[in-house]
Amino acid sequence: MEPTQSQTQYPSVTRYCRQEAETAALARNIGRSLEAYFAVNPQAHLNLSLVGDLGAGKTTFARHLIQGMGYAGRVKSPTYTLCEPYPFVVDSQDQSIHLTAHHFDLYRMRDPSEWQEAGFAEHFDAPGFCLVEWPEKAEGTLPTFDLAIHLAAGKEETERTVNIESLSKLGNAIINKLDN
């Protein structure tokens with residue numbers, strides 16, 4: 001009998017980063033893992049949550065992750081727009097795959113119904129991925145996540161503890177592609 005998702009144990013990885021450059025390198029590493037995954041699974045969609053206190057570095061982490069996938073432009077905080085799309089291209093054998101990263105910041109939401117009324121649900125089915133900061137503001141109205149990335153600030157301004165938790169088989173595939 002196949003175990004259910006709630007019975008299945010998926011891995012998690014914790015990294016202690018002393019400098020912002022180490023945190024940025026980890027985010028780019030996740031971006032490369034995503035890129036490798038999409039090169040083999042071009043129609044896939046992944047959902048990632050980005051959790052941490054105000055000032056923990058969520059937007060900076062998102063910026064480096066998205067740029068790590070090859071997006072060359074400016075990655076800005078979607079605090080006021082709720083969502084910023086970032087198109088990127090993954091090269092796979094004989095083709096270029098065009099995907100989109102949708103970066104959400106739900107910090108300013110006051111009610112979960114705002115999320116539903118904004119009409120962003122269609123982005124959670126499109127090839128690529130959705131990266132959601134402050135997912136708790138949508139109180140369970142979001143689709144399930146494949147990875148949960150938790151950031152915690154350390155004692156020094158540049159220190160971060162980053163825990164990457166797989167929540168699905170797809171998330172597990174990403175964690176397994178991370179460089180050690």
*Hey, what's the ring geometry for His102 with His123, parallel, tilted or perpendicular (30° and 60° as the breaks)?*
parallel
*Should the heavy atoms of other residues, nucleotides or ligands under 6.0 Å from CD of Glu165 be counted, would the total exceed 12?*
yes
*Take atom CD of Gln95 as the centre, draw a 6.0 Å sphere, and report whether it contains more than 12 heavy atoms from other residues, nucleotides or ligands.*
yes
*side-chain hydrogen bond (donor to acceptor under 3.5 Å, both in side chains) partners of Ser77, counting only residues at least two apart*: Thr79
*Results of side-chain hydrogen bond (donor to acceptor under 3.5 Å, both in side chains) for Tyr107 - residues two or more places apart only*: none
Treating Ile, Leu, Val, Met, Phe, Trp and Tyr as nodes and any side-chain heavy-atom pair under 4.5 angstrom as an edge, say whether [X] and [Y] lie in one connected cluster.
{"X": "Val51", "Y": "Leu34", "result": "no"}
{"X": "Val89", "Y": "Ile30", "result": "no"}
{"X": "Leu151", "Y": "Leu26", "result": "yes"}

Within the side chain of [X], is there an N or O that forms a donor-acceptor pair under 3.5 Å with the backbone of [Y]?
{"X": "Thr141", "Y": "Ala138", "answer": "yes"}
{"X": "Ser166", "Y": "Asn172", "answer": "yes"}
{"X": "Arg160", "Y": "Ala56", "answer": "yes"}
{"X": "Ser33", "Y": "Lys177", "answer": "yes"}

_Run the side-chain contact (heavy atoms from CB on, under 4.5 Å) test on Glu20 and Thr60 for me, step by step, so that the C-alpha distance in whole Å, both residues' side-chain angles and the decisive distance to 0.1 Å come before the verdict._
CA-CA 9 Å; Glu20 184 177 336; Thr60 300; 3.7 Å; yes
Less than 4.5 Å apart, any side-chain heavy atom of [X] and any of [Y]?
{"X": "Leu106", "Y": "Leu142", "value": "yes"}
{"X": "Leu147", "Y": "Leu167", "value": "no"}
{"X": "Lys76", "Y": "Glu84", "value": "yes"}
{"X": "Leu46", "Y": "Ile174", "value": "yes"}
{"X": "Val132", "Y": "Leu48", "value": "no"}
{"X": "His103", "Y": "Ile66", "value": "yes"}
{"X": "Thr161", "Y": "Arg15", "value": "no"}
{"X": "His98", "Y": "Phe88", "value": "no"}

*Without hydrogens or angle criteria, can the side chains of Glu133 and Thr59 be said to hold a donor-acceptor pair below 3.5 Å?*
yes
*Just jot down the salt bridge (charged side-chain N to carboxylate O under 4.0 Å, His left out) partners of Glu22, sequence neighbours excluded, or say none.*
Arg18
*Sequence neighbours left out, what pairs pass salt bridge (Lys or Arg N to Asp or Glu O under 4.0 Å) with at least one residue falling in residues 43-72?*
none
*Drop me the distance from Arg32's CZ to Met69's CE, to the nearest 0.5 angstrom.*
11.0 Å
*Rounded to the nearest 0.5 Å, how far apart are CD1 of Ile149 and OG of Ser49?*
7.0 Å
*Checking side-chain contact (heavy atoms from CB on, under 4.5 Å) for the pair Thr144/Ser168: CA distance, chi angles, key distance, verdict?*
CA-CA 9 Å; Thr144 57; Ser168 72; over 6 Å; no
_Given Phe104, which partner from the list Phe120, Trp134, Phe145, Phe129 fulfils the ring pair (Phe, Tyr, Trp, His ring centres under 6.0 Å) test?_
Phe120
Side-chain donor-acceptor pairs of residues 35-45 under 3.5 Å, sequence neighbours excluded:
| unit_1 | atom_1 | unit_2 | atom_2 | d |
| --- | --- | --- | --- | --- |
| Asn41 | ND2 | Tyr37 | O | 3.1 |
| His45 | ND1 | Ala126 | O | 2.6 |
| His45 | ND1 | Gly128 | O | 3.4 |
| His45 | NE2 | Asn47 | OD1 | 2.6 |
| His45 | NE2 | Phe124 | O | 3.4 |

*Can you tell me which residue pairs pass the ring-ring contact (aromatic ring centres under 6.0 Å, His included) test with a partner in residues 48-75, sequence neighbours excluded?*
Tyr71-Tyr86
_Closest heavy-atom pair and its distance - Ala62, Leu131_ = CB-CD2, 3.4 Å
